[in-house]
Amino acid sequence: KKSIIATGSTEKQAEQQHTRASRVFSESGFFFWKDIQASKLLVTIESLQKLQRTKNGAYMNTGKPTSPRTKHHHLGACKQFARWMMADRRASDNLIEYLSMTGKIEPQEPRRPLNGEEIEILFDYIINSGPLSCVSGNERILLYRFAMETGLRADEIRTLTRLSFDFEAPTVKVEPTHTKNGKAAVLPLKPSTAEAMKAHTGCKGPTTPVFKMPKSNLAKMLQKDIASARTQWIKDAKDNPDEHRRRTESDFLKVKTSEGKLVFHSLRHTFGSFLESSGAAPKVAQELMRHGSIQLTLGLYTHLQADRVTKAVNALPYFGKQEVIRTGTDDSMVDAIGKTVEKSSATYSDSLCSKHSNTLQNIAKQGENREARKNPVTAINNGVFSPKTERPGFEPGVRVYPVRRFSKPLP
């Protein structure tokens, strides 16, 4: 256990690996290195049962089998112990290095973030609700808000005290012994959040935790708030049958959707998603999320909102060929799908027909252009006047607008 901590892992990670290996060796009846049998170790791991923590902190078997993922974690802890035995010259042979579990590991259920509208409805509900898990509504709002604006993990938030904050900067600091990567984290705070935290911690002792958080099932507290907020949101539309049905069928404020499940760690995903939508550079987002690779920041913790995807597609240019046609009602034009477009020049590829001659003669008579008065056809070729194109079968006839000169002269 001390060796794991010395390599840079946190005390929690070392304790977790130590507990897993100790459990397997104890249930297998292994007390000395020479007692280890590879086949018996696999049988023990395969028969492991889920543990449930009691109120006094002890664990008891539930009688339910553990998941394949948990079995792989226990085998990995045993292998880690065996490799340490070899590296420390305490053993000359590693009998379990090549062991593997046969069970298929199901991918971890993805976490989904909250969007801005869900957060607004959630906070509106909590502010009028009573305590939950012995935590008041105001403190729950501040806790959720703080997690979404810093991206701190639940175990990191638990370690914060009044001394963790610098309200002048303003920043919050997590000591290296409490972070996942073993490095100190100093994160900026929004001024409004810093003021709220300053007021919240004003009467607390220097070493008192800033938040009153449940020791376990923190996710359940958030999920209860989410479920209750959704119920109230649906209830508010009871007088409007159509809106009530729409809300009932939607995924809005659902704990579990096709995108993933809402747990407390989802607030960290929310932080990453809002960083992306705010225009933060990927490197900045990686630094604030404290990830070792940019792939983890962009691939797992950045969730694109559906409305942003839709807006991006709608902003694409029109790649088809627009046909300018007449509406017959005014001087505006419409494209092939009926959308009104601005007046623009069109290539005049046909020779002047007889029905254009009256228009040109009228223009010449008006005296607006001396060249047009002398020779209307030449005026058109020189770009003084540009009759628009006309699709066959559409009425009325084509009018003439002064626009830019043509690329090719008229025949």
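The first residue of the sequence shown is numbered 1, and numbering continues consecutively from there.
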**Student:** So, the side chain of D251 versus the backbone of K254: is there a donor-acceptor pair under 3.5 Å, distance only?
**Tutor:** no
**Student:** Suppose we screen for salt bridge (charged side-chain N to carboxylate O under 4.0 Å, His left out). Which residues come up paired with D93, at least two apart in sequence or across chains?
**Tutor:** none
**Student:** Going by salt bridge (charged side-chain N to carboxylate O under 4.0 Å, His left out), D242 matches just one of R245, R246, K238. Which one?
**Tutor:** R245
**Student:** What I'd like to find out is whether the side chain of M213 reaches to under 4.5 Å of the side chain of L218, using heavy atoms alone.
**Tutor:** yes
**Student:** Starting at OG1 of T257, measure out to CG of L262 and round the result to the nearest 0.5 Å.
**Tutor:** 7.5 Å
**Student:** Keeping the roles fixed (side chain from S133, backbone from V135), state whether a donor-acceptor pair exists under 3.5 Å.
**Tutor:** no
**Student:** Spell out, as yes or no, whether a donor-acceptor pair under 3.5 Å connects the side chain of K212 to the backbone of S136.
**Tutor:** no
**Student:** Show every salt bridge (Lys or Arg N to Asp or Glu O under 4.0 Å) that has at least one partner inside residues 125-150, sequence neighbours left out.
**Tutor:** R140-D225, R145-E149, E149-K190
**Student:** So, R112 side chain and K261 main chain: donor-acceptor pair closer than 3.5 Å or not?
**Tutor:** no
**Student:** Using 4.0 Å as the upper bound for N to carboxylate O, is an ion pair formed by E15 and K12?
**Tutor:** no
**Student:** Taking only residues two or more places apart in sequence or in another chain, which ones pass side-chain contact (heavy atoms from CB on, under 4.5 Å) with E97?
**Tutor:** R83, N94
**Student:** With sequence neighbours left out, write down each residue that passes side chain to side chain donor-acceptor pair (under 3.5 Å) with K71, or none if nothing qualifies.
**Tutor:** E46
**Student:** In this structure, are over 12 heavy atoms from other groups packed under 6.0 Å from H291 atom NE2?
**Tutor:** yes
**Student:** For atom CD of E11, decide whether the heavy atoms of other residues, nucleotides or ligands shown that lie under 6.0 angstrom number more than 12.
**Tutor:** no
**Student:** Does a side-chain heavy-atom distance below 4.5 Å link V186 with D166?
**Tutor:** no
**Student:** Under the ring-ring contact (aromatic ring centres under 6.0 Å, His included) definition, can you give me all pairs with a residue in residues 214-260, not counting sequence neighbours?
**Tutor:** W233-F252
**Student:** Holding to ring pair (Phe, Tyr, Trp, His ring centres under 6.0 Å), I want the full list of residues that pass it with F123, two or more places apart in sequence or in another chain.
**Tutor:** none
**Student:** Taking CD in E117 as the centre, count heavy atoms belonging to other residues, nucleotides or ligands within less than 6.0 Å. Is the count above 12?
**Tutor:** no
**Student:** Identify the heavy atoms of M86 and A91 that sit nearest to each other, and give their distance.
**Tutor:** SD-O, 3.5 Å
**Student:** Pairs in or reaching into residues 199-209: which pass side chain to side chain donor-acceptor pair (under 3.5 Å), with residues at least two apart or in two chains?
**Tutor:** none
**Student:** Please list all pairs meeting side chain to side chain donor-acceptor pair (under 3.5 Å) that have one or both residues in residues 169-180, counting only residues at least two apart or in different chains.
**Tutor:** T179-N181
**Student:** Any donor and acceptor pair, going by atom type alone, linking the side chain of S278 with main-chain N or O of L275 inside 3.5 Å?
**Tutor:** yes
**Student:** Please give me the minimum heavy-atom distance between F274 and N115, naming the atom from each residue.
**Tutor:** CZ-C, 4.2 Å
**Student:** Keeping Q49 on the side-chain end and T62 on the backbone end, is there a donor-acceptor pair under 3.5 Å?
**Tutor:** no
**Student:** Distance-only criterion, 3.5 Å: show the donor-acceptor pairs between side-chain atoms of residues 33-40 and protein atoms not counting sequence neighbours.
**Tutor:**
| unit_1 | atom_1 | unit_2 | atom_2 | d |
| --- | --- | --- | --- | --- |
| D35 | OD2 | F31 | N | 3.3 |
| D35 | OD2 | F32 | N | 3.0 |
| K40 | NZ | S28 | O | 3.1 |

**Student:** Please report the closest heavy-atom contact between A154 and F264, naming both atoms and the distance.
**Tutor:** CB-CD2, 3.7 Å
**Student:** Does NZ belonging to K224 count more than 12 external heavy atoms closer than 6.0 Å?
**Tutor:** no
**Student:** Hey, could you give me each pair passing salt bridge (Lys or Arg N to Asp or Glu O under 4.0 Å) that has a residue in residues 16-29? Not counting sequence neighbours.
**Tutor:** R23-E27
**Student:** Show the nearest heavy-atom pair for residues I96 and C78, with the distance to one decimal.
**Tutor:** CD1-O, 3.5 Å
**Student:** With sequence neighbours left out, what residues match S3 under side-chain contact (heavy atoms from CB on, under 4.5 Å)?
**Tutor:** W84
**Student:** Tell me, please, which residues at least two apart from R90 pass salt bridge (charged side-chain N to carboxylate O under 4.0 Å, His left out).
**Tutor:** D88
**Student:** Side chains of F30 and T44, heavy atoms from C-beta outward: is any pair under 4.5 Å?
**Tutor:** no
**Student:** Locate the shortest heavy-atom distance separating A196 from L142; write the atom from each residue and the value.
**Tutor:** CB-CD1, 3.9 Å
**Student:** Strictly distance-based, threshold 3.5 Å: is any side-chain N or O of R158 a donor or acceptor partner for the main-chain N or O of P214?
**Tutor:** yes
**Student:** Give me the atom names and distance for the closest heavy-atom approach of V174 to L160.
**Tutor:** CG2-CD2, 4.0 Å
**Student:** Apply the test salt bridge (Lys or Arg N to Asp or Glu O under 4.0 Å) to residues E156 and R290: give CA-CA distance (whole Å), side-chain angles for both, the deciding distance (0.1 Å), then the verdict.
**Tutor:** CA-CA 13 Å; E156 294 171 336; R290 295 168 291 135; 3.0 Å; yes
**Student:** Using the salt bridge (Lys or Arg N to Asp or Glu O under 4.0 Å) rule, take E287 and K283 through it: C-alpha gap first, then chi angles, then the decisive distance, then the call.
**Tutor:** CA-CA 6 Å; E287 183 71 18; K283 190 64 178 178; over 6 Å; no
